[in-house]
**Student:** 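This is the structure I want to talk about, given as structure tokens.
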Amino acid sequence: MKNFKYELVHEDAKTKARLGKLNIFGKVVETPIFMPVGTLATVKFLSPEDLKKIHAGIVLSNTYHLWLRPGEKIVKQAGGLHKFMNYDGPILTDSGGFQVFSLADTRKINEEGVTFKSHLDGSTLHLTPEKSIQIQMDLHSDIAMSFDECIPYPSDYEYTKRSTERTIRWAKRGLAVHNIDDQALFGIVQGGEYTDLREACAKELAALDFDGYSIGGTSVGEDKPTMYKMIEDAIRYLPQDKPRYLMGVGAINDLLNGIERGVDMFDCVLPTRIARHGTLMTSKGRINIKKAMYADDFTPVDPECDCECCQNYTKAYINHLFRTKEGLGMRLMSIHNLRFLIRLMEEARQAIREDRFKEFKEEILASYPFDERGF
RNA sequence: GGAGAGGUAGCGAAGUGGCUAAACGCGGCUGACUGUAAAUCAGCUCCCUACGGGUUCGGCAGUUCGAAUCUGCCCCUCUCCA
């Protein structure tokens, strides 16, 4: 019996937002949760201590990238991902399915799996559903993902149908070889923008013995209404007693719209990537710290933020660190953006607890100067 | 005082008669970024009343149909020798 359990603590009165507790082999996190991405067994520029300080619950890592470097056997030899990177919080690994999308120029898909050209040296690599699960078992993350194809947008109905059906077969193949009790395995709902395909995929996966369900194939270029419809279509037939994970979503309004529709888990590179590129999320809107106007601005990035960056440093200093390409700047900016989203989740959970998620969402959306990107 | 090298856009640096408002790099200014091939990428960066026009390559005067590129003089910088 797996010690992995989702407990629905409270459902918001007016929306489908849900407050939950996820017991991950003894480590409990509250949901909805935002999970920082640490592709190569590190959230870029942050130490595990930093992750603790910002109250990161679950951290992501990546099958494809760790398979190439350092190789799953090295990680296994180290005693698993937790020991290897010295992070004792829950770790979720993506299956490599996203690389089927992001490395599309250098790969081929067939029923068996995907043939990649290594982005490092061009060598030929074969990743199959079984191989992906095997690697993830060696990595020994807490939560593994089924190997899927993240379908590009737009894709026509016929292709989406064939790909989604293949992803379901791949999910079954992965499930069949997954044989460790201290790792959860999630199925991934695909189906593109087509309601019937999303629903059918969700239904079929829900009938299988997965520990949770992911919604994949979003934030790949579609507009917001389409994304939100994809979420609704995917969730409609997912079980209440299993966590739902919306993959790759991290824009502020997307997070809120996801929660409103019943999503429990999110991950995204957005906060850390835009931080490294100089963009910071604040309670007054997005700022680009490299702008000349911040060179002599001696106020914090966000006075309402409790992170290390905002508590100790000024915009002028961060601006200087960015211009001089100092690593500390990268670290502080990443810490800030992550903390910003993690805090947003904390507030969202409180709002759900108090049956006012709808108001909370409206308030944030009204007060934050978003543009169509949503952050 | 003698010998040599050189002065090009904010900086560095190509270019040595027309294809040059002038490569490239840095700096500067914008913008992008959603399961990370990303401390990355894209655009702009002489001036203007800007699908066109006006002034540039130390200064002045020339040669030439045409000069950053050739000639003369002048100014300045650096290196070496006294």
Side-chain angles (χ1 to χ4, degrees), chain A residues 34-46 58-66 68-69 92-107 116-122 125 132 141 143-151 153 186 188-190 214-224 227 230-231 245-255 257-258 263 265-281 286 288-295 319 321-334 337 341 371-375:
Chain A
F34 179 81
M35 310 180 284
V37 180
T39 304
L40 283 160
T42 170
V43 176
K44 295 184 192 298
F45 286 98
L46 299 213
I58 307 171
V59 166
L60 249 74
S61 207
N62 183 276
T63 299
Y64 171 86
H65 290 285
L66 292 179
L68 268 60
R69 291 184 302 191
L92 181 154
T93 41
D94 186 27
S95 61
F98 184 70
Q99 280 62 45
V100 178
F101 164 79
S102 65
L103 303 178
D105 295 342
T106 58
R107 56 77 177 145
F116 290 96
K117 283 269 193 192
S118 162
H119 70 281
L120 297 172
D121 61 9
L125 305 160
S132 173
S141 54
I143 304 172
M145 289 297 123
S146 294
F147 189 55
D148 66 328
E149 181 196 353
C150 178
I151 303 169
Y153 179 89
F186 281 27
I188 302 178
V189 179
Q190 290 292 344
S214 304
I215 301 161
T218 65
S219 58
V220 288
E222 76 282 10
D223 55 33
K224 302 287 185 189
M227 183 203 284
M230 287 173 170
I231 297 169
Y245 161 31
L246 180 58
M247 308 183 81
V249 167
I252 293 165
N253 61 359
D254 294 340
L255 294 172
N257 277 291
V263 174
M265 304 162 69
F266 304 86
D267 81 285
C268 198
V269 303
L270 192 68
T272 44
R273 179 180 290 166
I274 66 174
R276 291 194 306 280
H277 299 168
T279 300
L280 298 170
M281 300 171 175
R286 185 179 59 224
N288 193 335
I289 200 66
K290 66 187 167 190
K291 279 178 176 289
M293 61 186 285
Y294 298 121
N319 171 278
L321 292 177
F322 188 84
R323 284 174 189 273
T324 52
K325 300 178 169 53
E326 284 292 335
L328 178 60
M330 298 293 174
R331 173 169 165 269
L332 292 172
M333 292 189 287
S334 298
N337 274 353
L341 291 187
D371 57 22
E372 64 286 351
R373 284 164 297 174
F375 63 91

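This structure is a prediction, so every number in the text was calculated from the model and none was measured. Chain identifiers are assigned alphabetically (A, B, ...) following the order of the sequence lines, protein sequences preceding nucleic acid strands; residue numbering begins at 1 within each chain. No hydrogens, no waters, no symmetry mates; every other heavy atom, side chains included, goes into these values.
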**Student:** Could you tell me how far B:rG62 sits from B:rG43 if I compare only their C1' atoms? Round to whole Å.
**Tutor:**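 Rounded to whole Å, the distance is 43 Å.
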**Student:** Report the residue from A:Thr93, A:Thr63, A:Asp94 that forms a side-chain hydrogen bond (donor to acceptor under 3.5 Å, both in side chains) with A:Ser141.
**Tutor:**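 Of the listed residues A:Thr93, A:Thr63, A:Asp94, the side-chain hydrogen bond (donor to acceptor under 3.5 Å, both in side chains) partner of A:Ser141 is A:Thr93.
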**Student:** Taking a pair as Watson-Crick or G-U wobble with both distances under 3.5 Å, which nucleotide is matched to B:rA38?
**Tutor:**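 Across all strands, not a single nucleotide pairs with B:rA38.
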**Student:** Please name the nucleotide paired to B:rC60 by Watson-Crick or G-U wobble geometry with both distances under 3.5 Å, or report none.
**Tutor:**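 For B:rC60, the partner nucleotide comes out as B:rG72, under the 3.5 Å rule.
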**Student:** On a whole-Å scale, what distance lies between the P atoms belonging to B:rA42 and B:rG58?
**Tutor:**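 Result for the P pair: 33 Å, nearest Å.
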**Student:** Using both distances under 3.5 Å as the test, list the Watson-Crick or G-U wobble partner of B:rA67, or none.
**Tutor:**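 Across any shown strand, B:rA67 pairs with none.
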**Student:** For B:rG1, what is the paired nucleotide under Watson-Crick or G-U wobble rules, both distances under 3.5 Å?
**Tutor:**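 Base-paired to B:rC81.
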**Student:** Would you mind reporting whether A:Leu46 and A:Arg331 have side-chain heavy atoms less than 4.5 Å apart?
**Tutor:**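 Counting from C-beta outward, A:Arg331 and A:Leu46 do come under 4.5 Å.
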**Student:** Measuring only the P atom in each nucleotide, how far is B:rU49 from B:rU40? A whole number of Å is fine.
**Tutor:**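 Each nucleotide's P atom is 35 Å from the other's.
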**Student:** If the plane angle is over 60° it's perpendicular, under 30° parallel, otherwise tilted; pick one for A:His119 and A:Tyr64.
**Tutor:**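 Taking A:Tyr64 first and then A:His119, their aromatic rings sit tilted (interplane angle of 30° to 60°).
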**Student:** Which pair of non-hydrogen atoms, one from A:Asn319 and one from A:Ala295, has the smallest distance, and what is that distance?
**Tutor:**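 The pair with the smallest heavy-atom distance is OD1-CA, 3.7 Å.
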**Student:** Who does B:rC19 pair with, Watson-Crick or G-U, both distances under 3.5 Å?
**Tutor:**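 In the structure as shown, B:rC19 has no Watson-Crick or wobble partner.
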**Student:** In terms of side-chain heavy atoms, does A:Asn288 have a donor or acceptor partner in A:Tyr294 at a distance below 3.5 Å?
**Tutor:**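 No - no donor-acceptor pair under 3.5 Å links their side chains.
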**Student:** Taking atom P in both B:rA68 and B:rC19, what distance in whole Å separates the two?
**Tutor:**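 Those two atoms are separated by 10 Å.
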**Student:** Mind checking if A:Phe45 touches a base, just sugar-phosphate, or nothing, with heavy atoms under 4.0 Å?
**Tutor:**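 Base contact.
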**Student:** Using the P atom as the reference point in each nucleotide, state the distance between B:rG1 and B:rA14 in Å, no decimals.
**Tutor:**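 Roughly 31 Å separates the two P atoms.
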**Student:** Do A:Asp148 and A:Ser95 come within less than 4.5 Å of each other through their side chains, counting heavy atoms only?
**Tutor:**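 SC-SC contact between A:Asp148 and A:Ser95 confirmed.
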**Student:** If you measure from the C1' atom in B:rC75 to the same atom in B:rC24, how many Å do you get, rounded?
**Tutor:**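 That atom pair is separated by 30 Å.
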**Student:** For B:rC46, which nucleotide in any strand shown is its Watson-Crick or wobble partner with both distances under 3.5 Å?
**Tutor:**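 B:rG54 - that is the nucleotide pairing with B:rC46, both distances being under 3.5 Å.
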**Student:** Report, as a single string ordered 5' to 3', how protein heavy atoms within less than 4.0 Å touch nucleotides 28-38 of chain B: B base, S sugar-phosphate only, - not at all.
**Tutor:** SSSBBBBBBBB
**Student:** Roughly how far apart, to the nearest Å, are B:rC44 and B:rA67 at atom P?
**Tutor:**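 Per the computed distance, 29 Å lies between those P atoms.
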**Student:** Suppose we define a pair by two distances each less than 3.5 Å, Watson-Crick or G-U wobble; what does B:rG10 pair with here?
**Tutor:**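 B:rG10 is paired, partner B:rC26.
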**Student:** Determine the Euclidean distance between corresponding C1' atoms of B:rU8 and B:rC57; express it in Å to zero decimal places.
**Tutor:**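 It comes out at 4 Å once rounded to the nearest Å.
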**Student:** For the ring pair A:Phe98 and A:His65, is the centre-to-centre distance below 6.0 Å?
**Tutor:**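 Ring-ring flag for A:Phe98/A:His65: false, centres at least 6.0 Å apart.
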